[in-house]
Amino acid sequence: MKNIDSRTHVRGESVYLDDIPVIQGTLFGAAFGSPVAHGLIKNLNLAAAEAMPGVVRILTYKDVTGENQIGGIIPDEPLLAEHHVDYCGMPVAFVIAETDDEARAAVKRITIDIEPLLVITDPREAQAVGQLIVPPRTFRLGDSATAWTACDYIVEGTADTNGQEHLYIETQGAYAIPQENNGIKLYSSTQGPTAVQRAVSKSSGLPMHQIDVDVTRLGGGFGGKEDQANMWAALCALAAHILNKPIKYSLHRMEDMAMTGKRHPYSSDFKLGLDKDLKMVAYEVTFYQNAGAAADLSPAVMERTLFHCTNTYFIPNVTATAYSCRTHLPPNTAFRGFGGPQGMFVIEAAIAKAAEELGVHASVIQEKNLQQTGDEFPFGQKAQSEAHACWHKTDELYAVSEIRQKIASFNSVNQLYKKGMALMPICFGISFTNTRMNQARALVHVYTDGSVGVSTGAVEMGQGVNTKMLQVAAHIFSIDSKRVKIQSTSTYRIANTSPSAASATADLNGKAVEIACIEIMRRLKAVAAEELNVDVTSVSLKDEWVYVNGQQTDWDWNRLLIAAYAQRVSLSEHAHYATPDIHYDKSLEKGHPFAYHVYGTAIVEVTVDCLRGTYEIDAVKVVHDFGSSMNPLIDRGQIEGGIVQGIGWMTMEEVVFDKAGRLRSNALSTYKVPDIYSVPKEITIEPLQTETENLALFRSKAVGEPPLMYGIGAYFALRNAVLAFNPSATIPFDAPMTPEKVLLALYHVNPAQTSSYAQTQTANDLAVNP
Ligand code: MTE
Ligand code: HPA
Ligand code: MOS
């Protein structure tokens with residue numbers, strides 16, 4: 001089944017926040033963000049801005065009617081800065097004007113006197129001075145300290161990954177409309193309608209039942225709207241509450257880039273020990289997470305880094321520690337993978353380093369250490385592992401050694417272009433790591449004309465969750481999918497939702513839809529049994545007809561519904577689902593936090609232009625653990641998108657903050673994401689069909705985030721290509737591998753081994769006369 005949104009998408013008819021018809025009298029907001037990353041506010045000068053045409057009001061923290069606080073996990077984030085600013089772009093004032101141009105013109109007239117304080121942008125520096133968001137956490141398995149003696153080889157090093165701009169096509173925004181008796185209706189581009197509702201309730205002082213957050217769809221979220229939609233919604237709601245007027249704020253791209261947090265950059269130390277058979281024996285790793293100026297979701301992201309620190313490998317002795325470090329950057333936040341990719345990059349770097357030192361292919365070490373079913377993760381859960389199955393199917397289908405040979409022979413005859421490849425196996429845990437968030441609800445109404453309306457807590461952001469919800473209802477009722485409509489996501493219909501995140505949206509909400517539909521079906525079958533005077537166990541429904549003992553009757557879906565209505569049987573159901581059997585004990589750092597894991601293996605092949613440092617991604621070949629995909633078309637889309645986004649993070653996307661904490665890569669002219677020319681020339685995806693327990697929806701496995709991590713393979717493939725040109729280059733593990741860094745590595749002269757200079761000379765000679 002096609003994504004139900006495709007038609008309106010291609011016709012430009014799909015409604016996003018900025019497409020909602022604006023009510024007469026609507027005023028427009030624009031935020032004034034701090035120009036300085038850290039300092040004390042001495043004076044905020046609003047007079048010139050207030051005198052600007054169209055300006056109605058400028059709100060500051062003094063106007064906040066509730067608590068000036070929007071922190072989700074930790075209350076450390078004011079809605080509007082009070083006495084100090086903690087990052088560039090931190091909202092200090094909110095201008096309300098008659099048009100959005102007027103609001104933005106007024107923002108430019110605001111001036112602020114700030115006494116500057118020391119700016120920290122580096123997480124290690126923050127940790128050194130005790131600036132932590134939460135106390136550090138350590139996961140332990142076995143005893144790494146004593147295990148080093150059993151190691152024949154030990155490698156140590158550091159590995160850094162940079163942030164990533166979400167670059168959802170639809171920027172952040174909200175539209176707040178006052179209702180009678182102090183109610184507020186909010187349209188928000190959010191992954192978490194309840195998170196918005198809570199933040200608005202807290203900051204406005206209104207009870208949650210007065211706040212209706214309604215979401216039709218997002219033009220992408222990627223984690224960036226899990227928590228960070230709250231700010232704009234709370235500002236608009238506050239202004240609407242105070243002025244009793246509809247207020248809209250849809251951020252411009254540069255406002256969005258400057259004021260919102262991104263993927264967390266990490267800096268990490270690793271030490272990996274192997275025995276002479278290349279089995280990994282011990283692993284110690286310390287993660288320094290750059291959280292930015294407020295907690296946001298950082299403690300949860302940090303936790304997922306620890307959960308994924310051994311990727312898909314079994315290592316018997318592990319000590320993994322993570323620090324969430326407070327810096328003066330915009331608060332960093334959820335981004336596809338949620339800390340997992342950052343953890344996985346480090347173990348892959350450690351393996352690459354060991355392989356390079358031992359002169360073997362990394363894949364030899366990778367393969368020898370793949371986790372088996374029953375192996376224990378450092379957090380105590382026993383793996384139900386598809387790691388070997390994915391790896392071996394990859395090898396069988398794509399013939400790794402042939403690719404390797406092809407690359408070797410290409411490299412032996414080409415001086416100016418070098419190819420490289422890497423294998424990237426993945427393992428990603430499905431469930432919110434915070435156990436309590438693993439719940440969802442659905443409200444299903446069957447109308448007497450035979451149509452069905454389904455509401456859930458799921459937010460459609462392009463990942464196709466609405467199509468999957470519709471498939472569930474149509475399947476359980478055995479009716480034409482045209483009869484089903486997925487309603488917008490509203491906190492009036494579905495309460496206390498978890499954000500659409502953790503790749504678990506379809507699993508959680510789909511299960512709730514399934515339960516609701518099954519209950520309505522139970523009632524309908526009872527009605528049919530009574531009307532037809534048969535035993536209820538003999539009744540079934542198929543393709544909109546009632547069957548008795550497998551024989552079609554003359555009762556169809558509509559006739560049955562009318563009969564049920566006449567009998568005053570409820571045709572509506574509100575159902576609740578909570579993932580069973582998951583638990584976690586933080587005091588022990590042990591438990592069973594994930595319903596299941598998703599596995600897969602990718603081969604990434606690249607070609608580097610050794611004169612320019614530019615590169616192309618030739619191919620990504622994947623075997624992916626779909627379970628039994630509910631919708632292969634949508635799931636393929638998720639994998640392709642995830643791979644490209646992951647490659648972007650690892651290669652060309654470079655977030656640059658200067659030492660003063662100012663974002664330098666603040667527009668699409670300075671921040672490059674993969675385009676049609678830089679995506680892989682070939683993406684092949686083969687399913688690993690697994691028939692596991694029905695832990696997820698209809699035996700499908702979650703697909704949203706895991707494929708992003710295939711992109712990590714691009715980093716190591718590029719590294720291998722560079723090393724084919726300049727074998728003695730010392731290349732720090734410091735992603736992204738931008739063309740600039742590739743060029744530096746290609747011509748890096750290792751002072752200890754001047755022989756590499758010969759290589760460089762050859763290249764220079766060729767460069768002159770190619
Ligand atoms: N795909 C699209 N097109 N747009 C998005 O914003 N977000 C990703 C992923 N795929 C996203 C996407 C992220 S971060 C997550 S957690 C999941 O989708 C969320 O949806 P799911 O739980 O339904 O997989
Ligand atoms: N994943 C994604 N989002 C989340 C999580 C998680 O594990 N926990 C809280 N928000
Ligand atoms: Mo996704 S990072 O869990 O929104």
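We count ligands from 1, going down the list as the structure has it; atoms in each ligand are counted the same way. For clarity, every value in this text was computed on a predicted model and none was experimentally measured.
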| Can a non-hydrogen atom of Gly641 be found less than 4.0 Å from any atom of ligand 1? | no
| task | Examine the proximity of ligand 2 to Met437 and report which part, side chain or backbone, both or neither, has a heavy atom under 4.0 Å away. | result | side chain
| task | Identify, for atom 17 (C) of ligand 1, the protein heavy atom at the shortest distance, and state residue, atom and that distance. | result | Gly704 CA, 4.1 Å
| said: Please list, in number order, the atoms of ligand 2 under 4.0 Å from a heavy atom of Ala501. | reply: 3 (N)
| message | Parallel, tilted or perpendicular: which one describes the rings of Tyr168 and His166, with boundaries at 30° and 60°? | response | parallel
| remark: for atom 4 (O) of ligand 3, nearest protein heavy atom and its distance come out as Gln191 NE2, 2.8 Å
| query | Looking only at atom types and distance, does a side-chain atom of Asp256 sit under 3.5 Å from a main-chain N or O of Gln172, one as donor and one as acceptor? | reply | yes
| query | Closest non-hydrogen protein atom to atom 4 (N) of ligand 1, residue and atom name please, with distance? | reply | Met461 O, 2.8 Å
| said: Between Ser385 and Gln371 (side chain of the first, backbone of the second, donor and acceptor by atom type, cut-off under 3.5 Å), is there such a pair? | reply: yes
| query | Aromatic ring centroids of Tyr584 and Phe307 under 6.0 Å? | reply | yes
| Does some non-hydrogen atom of Thr433 fall short of 4.0 Å from ligand 2? | yes
| note | closest protein heavy atom to atom 20 (O) of ligand 1 is Gln463 NE2, 3.1 Å
| Which atoms of ligand 3 are found less than 4.0 Å from any heavy atom of Ala501? | 3 (O), 4 (O)
| note | for atom 1 (Mo) of ligand 3, nearest protein heavy atom and its distance come out as Glu705 OE2, 3.7 Å
| query | Do Gln197 side-chain atoms and Ile211 backbone N/O form a donor-acceptor pair below 3.5 Å? | reply | yes
| query | What's the shortest distance from atom 2 (S) of ligand 3 to any protein heavy atom, and which residue and atom give it? | reply | Arg336 N, 3.1 Å
| message | Evaluate Ala504 for polar contact with ligand 1, using N/O atom pairs at a separation under 3.5 Å. | response | yes
| said: Closer than 4.0 Å to some heavy atom of Phe335 - which atoms of ligand 3 meet that? | reply: 2 (S)
| said: Please determine whether a side-chain nitrogen of the Lys or Arg among Asp635 and Lys468 lies less than 4.0 Å from a carboxylate oxygen of the Asp or Glu. | reply: yes
| message | With respect to Ala334, determine whether any N or O atom, backbone or side chain, lies less than 3.5 Å from an N or O atom of ligand 3. | response | no
| said: Under 4.0 Å from a heavy atom of Arg304: which atoms of ligand 2 are those, numbered in the order shown and with their elements? | reply: 1 (N), 6 (C), 7 (O)
| query | Nearest protein heavy atom to atom 10 (N) of ligand 1, by residue and atom, and its distance? | reply | Gln638 OE1, 2.7 Å
| Under 4.0 angstrom from ligand 1, any heavy atom of Gly220? | yes
| said: So for ligand 1, is Thr505 a polar contact partner (N or O within less than 3.5 Å, distance only)? | reply: yes
| request: Take the angle between the ring planes of His597 and Phe377 and call it parallel below 30°, perpendicular above 60°, tilted in between. | output: parallel
| query | atom 5 (C) of ligand 1: which protein heavy atom is closest, and how many Å away? | reply | Phe222 CE2, 3.2 Å
| message | For Tyr313, is there any backbone N or O sitting under 3.5 Å from a side-chain donor or acceptor partner on Asn311? | response | no
| note | the protein heavy atom lying closest to atom 3 (O) of ligand 3 turns out to be Ala502 N, 2.7 Å
| request: Could you tell me the residue and atom name of the protein heavy atom closest to atom 10 (N) of ligand 2, and the distance to it rounded to 0.1 Å? | output: Glu226 OE2, 2.6 Å
| task | Please identify which atoms of ligand 2 are closer than 4.0 Å to at least one heavy atom of Ala502. | result | 1 (N), 2 (C), 6 (C)
| query | What are the two closest heavy atoms between Ile133 and Gly292, and how far apart are they? | reply | CD1-O, 4.2 Å
| query | Can you check whether Gly221 has an N/O within less than 3.5 Å of an N/O in ligand 1? | reply | yes
| message | Testing Thr491, Thr489, Thr497, Asn496 one by one against Thr194 for a side-chain hydrogen bond (donor to acceptor under 3.5 Å, both in side chains), which residue passes? | response | Thr497
| query | Is the side chain of Gln228 donor-acceptor paired with the backbone N or O of Pro331 at a distance under 3.5 Å, no angle test? | reply | yes
| request: Taking only heavy atoms of Gly223 into account, list the atoms of ligand 3 that are under 4.0 Å away from them. | output: 2 (S), 4 (O)
| said: Below 3.5 Å, N or O to N or O, backbone or side chain included: is there any such pair between Gly223 and ligand 1? | reply: no
| Shortest non-hydrogen contact from Ser500 to Met461? | O-CE, 3.2 Å
| query | Can you tell if the side chain of Phe594 reaches within under 4.5 Å of the side chain of Gln381, non-hydrogen atoms only? | reply | yes
| task | Write out the residue and atom name of the closest protein heavy atom to atom 8 (C) of ligand 1, then the distance separating them to 0.1 Å. | result | Arg336 NE, 3.9 Å
| At the 4.0 Å heavy-atom cut-off, does Gly221 count as touching ligand 3? | no
| message | Checking side-chain hydrogen bond (donor to acceptor under 3.5 Å, both in side chains) between Asn290 and each of Asn162, Thr161, Thr327, which is the one that passes? | response | Thr327
| task | From the options Phe335, Phe594, Phe338, Phe307, select the one whose nearest heavy atom is closest to atom 2 (C) of ligand 2. | result | Phe338
| query | Does Glu589 come within less than 4.0 Å of Arg137, counting only side-chain N to carboxylate O? | reply | yes
| Which atom of Ile4 lies closest to which atom of Thr467, heavy atoms considered | N-OG1, 3.0 Å
| request: Provide the closest heavy-atom pair for Thr312 versus Pro425 in the form atom of the first, atom of the second, distance. | output: CG2-CB, 3.5 Å
| field | Sub-4.0 Å atoms of ligand 1 with respect to non-hydrogen atoms of Gly462 | value | 2 (C), 3 (N)
| Hey, is Glu165 close enough to Lys262 for a salt bridge, meaning N to O under 4.0 Å? | yes
| request: May I ask you to identify, for Phe432, whether its side chain, its backbone, both or neither come under 4.0 Å of ligand 2 on a heavy-atom basis? | output: both
| message | Please check whether Glu705 reaches ligand 1 - meaning an N/O of the residue sits under 3.5 Å from an N/O of the ligand, judged on distance alone. | response | no
| Can you find an N or O of Ala502 that's nearer than 3.5 Å to an N or O of ligand 1? | no
